[in-house]
Amino acid sequence: MKPTEKHIEEFAANGAVCLRGVLSSDDLEQLGRGVDKDIAEPGPLHTLQQGEQDEGFFLTDFCLAQRLPEVRQFVVASPAAEVAASLLGSARINFFYDALWAKGQSTPKRTRWHQDQPYYPVNGQQFCVLWFPLDPVAKPSCLELIAGSHLWGRWFQPELSQAGQDLYADTAAMERLPDIESERDKYEILSWDMEPGDCIAFHGLTVHGAPGNAASDRARRAVSTFWMGDDTVFAERPGTVRPLFEGHRLEFGDPMDCGYFPRIWPQTEGEDPAQAARFTDPDFRISI
Ligand SMILES: O=C(O)CCC(=O)C(=O)O
């Protein structure tokens, strides 16, 4: 399924759009297999987000595509990169990374409100996230996004997700996010009832968060994939970014277009992005 003109307009105006039936059953099956492997044996970058006293199960993990061939194949062969190219109006699309957000049934812990791009060393308008749920998700458990917040021209200080401290020690460098949760009625908050195969596409500066999965009697597994278009460049931040990618040899201002952040769209005959430096280079290092 390709985004229509209407989807593209909605994405530009709201910074978020829900696309139905993007993935085939094969794409879903492949991604689901990788995710279940990861949940059974999480990678070195995983975090259990619920505290010892908290109820439920909330696992985050990063860079599954690095370790799990199923997820890598999903990244390089599913329609995700092409969807990102249409929404961003970009001639090329490079892959940044992927993240797992798995909440067990009856898990009350929220994903805090935040913007994604301030965490990353990436400037440019053509940056988007595609969020794919692997389970049916009713609105009370769905990702929530503030319509139009990508156009506010504001960059908010990222927080470390478990502890809630500022990521950047220089607190003047970015403003503090308002307390959205206590003033929800001030904002137009978008969320949807979703089925596996649907996706929410959102801009890197769209403010978003997610309720817990308390209202649900099933798990809510979701994967975010992060995509960069023509105008994205490697950027300096006022501290150590998260996740921290090392070994890519980019200088500040360089386009985010190299084998380390492989070009997935358009696909070039004879080239297999699954063999790009990102997935094979021994210099690849990432930490959180
Ligand atoms: O699924 C979630 O709980 C949150 C996803 C998210 O915040 C993201 O993809 O940046």
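All residue numbers refer to positions in the sequence shown, counting from 1.
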Heavy-atom distance under 4.5 Å between the side chains of Met174 and Arg237, does that happen here?
yes
Checking Phe226 against Tyr120 for the ring-ring contact (aromatic ring centres under 6.0 Å, His included) test, could you report, in this order, the C-alpha distance in whole Å, the side-chain angles of both residues, the deciding distance, and whether it holds?
CA-CA 11 Å; Phe226 300 82; Tyr120 309 142; 5.7 Å; yes
Please check if atom CZ in Arg218 has more than 12 non-hydrogen atoms from other residues, nucleotides or ligands closer than 6.0 Å.
no
Just wondering, are more than 12 heavy atoms of other shown residues or ligands nearer than 6.0 Å to CD in Glu251?
no
With no hydrogens and no angle check, just 3.5 Å: does a side-chain donor-acceptor pair link Trp101 and Ser224?
yes
Are any non-hydrogen side-chain atoms of Lys103 and Pro108 less than 4.5 angstrom apart?
no
Could you verify whether a donor N or O on one side chain and an acceptor N or O on the other, from Arg72 and Gln66, lie under 3.5 Å apart?
no
Under 4.0 Å between a side-chain nitrogen and a carboxylate oxygen: does that hold for Asp135 and Arg220?
no
Would you mind checking if Asp61 and Arg67 are paired as a salt bridge, meaning a charged N to carboxylate O distance below 4.0 Å?
yes
Any side-chain heavy-atom pair of Met256 and Leu250 under 4.5 Å
yes
Are Gln105 and Ser216 linked by a side-chain donor-acceptor pair shorter than 3.5 Å?
no
With a 6.0 Å cut-off on ring centres, are Phe245 and Phe96 close enough?
yes
Between Thr206 and His203, is there a side-chain donor-acceptor contact under 3.5 Å, judged purely by atom types and distance?
no
Going by the rule salt bridge (charged side-chain N to carboxylate O under 4.0 Å, His left out), which residues pair with Arg154 if we only count those two or more places apart in sequence or in a different chain?
Glu175
Would you say Glu181 and Trp113 are linked by a side-chain donor-acceptor pair, where the criterion is simply a distance under 3.5 Å?
yes
Ring centroid separation for Phe156 and His114, is it under 6.0 angstrom?
no
Donor-acceptor pair between Asn213 and Ser141 side chains, under 3.5 angstrom
yes
Any chance you could lay out the ring-ring contact (aromatic ring centres under 6.0 Å, His included) test for Trp227 and Phe127, step after step, and finish with the verdict?
CA-CA 6 Å; Trp227 303 99; Phe127 185 103; over 10 Å; no
Residues Glu41, Lys37: salt bridge by 4.0 Å N-O rule:
no
Which residue in the set Lys2, His7, Lys6 passes side chain to side chain donor-acceptor pair (under 3.5 Å) when paired with Thr4?
His7
Between Arg176 and Asp166, is there a salt bridge with N-O shorter than 4.0 Å?
yes
Closer than 4.0 angstrom, basic N to acidic O: yes or no for Glu144 and Lys139?
no
